[in-house]
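First the structure, in the form of structure tokens, and then the observations on it.
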Amino acid sequence: VVVVQRRQRKGPVLTPSSLPCLEKMPTINVTEGCAHGCVYCYTQGYSGYPGVGRVTLLENIPELVEAELRRKRRKPGRVYFSPSSDAFQPVPEVLDVTFRTMGILLEHGVEVALLTKGYVPERFLRLFADARARVFAQVGITTLDEDIRKTMEPNAASATQRLETISGLVRSGAFVRARLDPLVPSLTDTAENLGPLLDELQRRGVRSIAASYLFLRPGFGQRLAHLPSLANATVWTWHRLADGVGGGKMIDADHRRERFARLASLAAEHGIDVHICACKNPDLPDATNCGIAGPSTEQAARPDAPLFGHLGQAK
Ligand code: SF4
């Protein structure tokens, strides 16, 4: 049960992001806090975080966005949902505000990029189908094992619901990429975990995935200490991530390189490309822009161009 409190957002909404992966794209959070309650989510340290089991709904976002778009001479090309919450939390009031806001953006010709660990309901799929090729989606999923999923992301959508969401988004004509993030070494990056997941993704038409490993902000190790495969996380070293993203404790670069190579070869057997998040892996030369907010506008305008190449644990 999530307690929803409401408040009116003040000030402009469509302002450029300072997050490097988003290249100044405006971002929207329809809530402060997030009902999904992922145990690794570092937005719980952000100001405005309402506490576990609570979200603050910024209920006037649709009206603010509509008014700003009417006033602006230059509209943003694309808007990203959401850097520090999830637009598809299982809370009807939140979904209503998300639906209205996305509808207004698409109606004004603004593209929508989204990253979610939630279930995207049918009415959104119809909205996206009407806005063909203007929606860029990443669906976070690292396992089909519900015990692991419930431990890591207790109130997020089940693996089955996320796979249904992927199928629905693909059918709607949205550009869809799965996001295997955060992978946990020796828990979710094993062939036993990844094989069946890649089988399902391939079957649902996913041709590219983004990936990155768990990193722990100070104070977060404690919360995850009960996961056996994180017993040696205490020896992980501090890594500086991209400017604006900060840093955290993570497995070292050599181990990441080796493990990403194994993922890439397994994915290749499924006809799936792997894109490594450069913001979180600035020490790996093969890391690229993982397309957290879709391909660049130029790529999107050229259907034959290789699409996508994000952020977040995802946020
Ligand atoms: S990681 Fe994302 S989905 Fe999970 S609680 Fe944080 S904001 Fe919500």
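Excluded from the calculations below are hydrogen atoms, water molecules and symmetry mates; all remaining heavy atoms, backbone and side chain alike, are included. Values in this document were obtained by computation on a predicted structure and should not be read as measured data. Read the numbers this way: they start at 1 and go in the same order the structure lists the ligands and their atoms.
Within ligand 1, the atoms closer than 4.0 Å to a non-hydrogen atom of Lys117 are 1 (S), numbered from 1 in the order shown. Residue contact check: Ser85 has heavy atoms under 4.0 Å from atoms 7 (S) of ligand 1. The atoms of ligand 1 that sit less than 4.0 Å from any heavy atom of Asp86 are 3 (S).
Between Asp96 and Arg123, at least one side-chain N (NZ, or NE/NH1/NH2) sits under 4.0 Å from a carboxylate O, which counts as a salt bridge.
Contacts classified as salt bridge (charged side-chain N to carboxylate O under 4.0 Å, His left out) and involving residues 146-155 (residues at least two apart or in different chains) are given here: Glu146-Arg149, Glu153-Arg162.
The nearest N, O or S atom of Cys34 is not closer to atom 6 (Fe) of ligand 1 than 2.8 Å. Taking 2.8 Å as the threshold, His36 does not count as a candidate ligand of atom 8 (Fe) of ligand 1, since none of its N, O or S atoms lies below it. Checking Cys41 against atom 4 (Fe) of ligand 1, every N/O/S atom stays at or beyond the 2.8 Å cut-off.
Residue contact annotation: Gly37 has a non-hydrogen atom under 4.0 Å from ligand 1.
Evaluation of the side-chain hydrogen bond (donor to acceptor under 3.5 Å, both in side chains) rule for Thr237 yields His239 as partners, not counting sequence neighbours.
Here the side chains of Tyr119 and Ser158 are not in contact, with every heavy-atom distance at 4.5 Å or above.
Of the options Thr143, Thr188, Asp189, Leu197, a side chain to side chain contact (heavy atoms under 4.5 Å, CB included) to Leu180 is made by Leu197 and by none of the others.
From Arg70, atom CZ reaches atom CD1 of Ile104 across 9.0 Å, with rounding to the nearest 0.5 Å.
Contact annotation for Ala35 and ligand 1: no heavy atom of the residue comes within less than 4.0 Å of the ligand.
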